[in-house]
Peer 1: 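Sending over a structure as structure tokens; questions will come in a sec.
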Amino acid sequence: MTETTAERTGTTDAVQPVCVRAAAVVATGSGSDYRVDIRAGRHPLAADEPESVGGADTAPTPVGLLLSAVGSCTAITLRMYAQRKQWPLPEVRVHLAYEKGPDRAVRIARRIELTGDLDDDQRARPLEIADRTPVTRAVRGEVPIVPAPERPGRRDSVPRPAATEGTRSS
């Protein structure tokens, strides 16, 4: 049985499962420009905006990083699946585009290329799995974004407004 926050703390508030951190990122923006330095585990990254909107174009845009996350998660997941099934899939290529439409509508268009001697069923199954990768599910809004607890002794963080536990961001 999963321990809940209420059981751990002895409170009777809304019951929430205890979560364990699986990944962490710190994004730091400073100065007068739009560049953000990112630390994803031990890996340095950056984001910026193009010059046309006031950035210096020194790194991918946040949307470019989002598309990179969707594409890399898709490619990794499909390769893992094929390896488990011992299917001949030497390469997965994921093409992504962030598209804007009328009335502020946006969408992500995705095309997946599977290279290898695969039969029709072996080509169809990875395309079904691609819709259920962890990052795809997060982008679709299936993963809530919740306030993280303050770290003891940190006074320089921005106060967060109270949020309803378990609510999803839009």
Peer 1: Is there a donor-acceptor contact under 3.5 Å from the side chain of R110 to the main chain of A130?
Peer 2: yes
Peer 1: Does the distance from a Lys or Arg side-chain N to an Asp or Glu carboxylate O, for D131 and R137, drop under 4.0 Å?
Peer 2: no
Peer 1: Does I112 share a hydrophobic cluster with L96, counting links as ILVMFWY side-chain heavy atoms below 4.5 Å and allowing steps through other members?
Peer 2: yes
Peer 1: Hey, does the side chain of D48 reach the backbone of G55 with a donor-acceptor pair shorter than 3.5 angstrom?
Peer 2: no
Peer 1: Determine the minimum heavy-atom distance between V139 and I108, stating which atoms define it.
Peer 2: CG1-CD1, 3.9 Å
Peer 1: Count I, L, V, M, F, W, Y as connected when their side-chain heavy atoms are under 4.5 Å apart, and connections chain through other members. Are V36 and L65 then in the same cluster?
Peer 2: yes
Peer 1: Minimum heavy-atom separation for D57 and P50, please, with both atom names.
Peer 2: CB-CA, 4.1 Å
Peer 1: Atom CE of M80 and atom NZ of K85: how far apart are they, to the nearest 0.5 Å?
Peer 2: 15.5 Å
Peer 1: To the nearest 0.5 Å, tell me how far K100 NZ sits from R107 CZ.
Peer 2: 14.0 Å
Peer 1: Assigning hydrophobic clusters by single linkage (Ile, Leu, Val, Met, Phe, Trp, Tyr; side-chain heavy-atom cutoff under 4.5 Å), is I38 placed with V26?
Peer 2: no
Peer 1: Hey, could you give me the OG1/CD distance between T61 and E49, rounded to the nearest 0.5 Å?
Peer 2: 6.0 Å
Peer 1: Are R125 and D120 ion-paired here, with the side-chain N under 4.0 Å from a carboxylate O?
Peer 2: no
Peer 1: So if you build clusters from Ile, Leu, Val, Met, Phe, Trp, Tyr with side-chain heavy-atom gaps below 4.5 Å, do I145 and V63 land together?
Peer 2: no
Peer 1: Using the rule that two of Ile, Leu, Val, Met, Phe, Trp, Tyr join whenever any of their side-chain heavy atoms come within less than 4.5 Å, decide whether V94 and Y98 are in one cluster.
Peer 2: yes
Peer 1: Could you check whether any side-chain N or O of D103 sits under 3.5 Å from a backbone N or O of A105, counting only pairs where one atom can act as donor and the other as acceptor?
Peer 2: no
Peer 1: Using a strict threshold of under 4.0 Å (side-chain N to carboxylate O), is an ion pair present between R39 and D37?
Peer 2: no
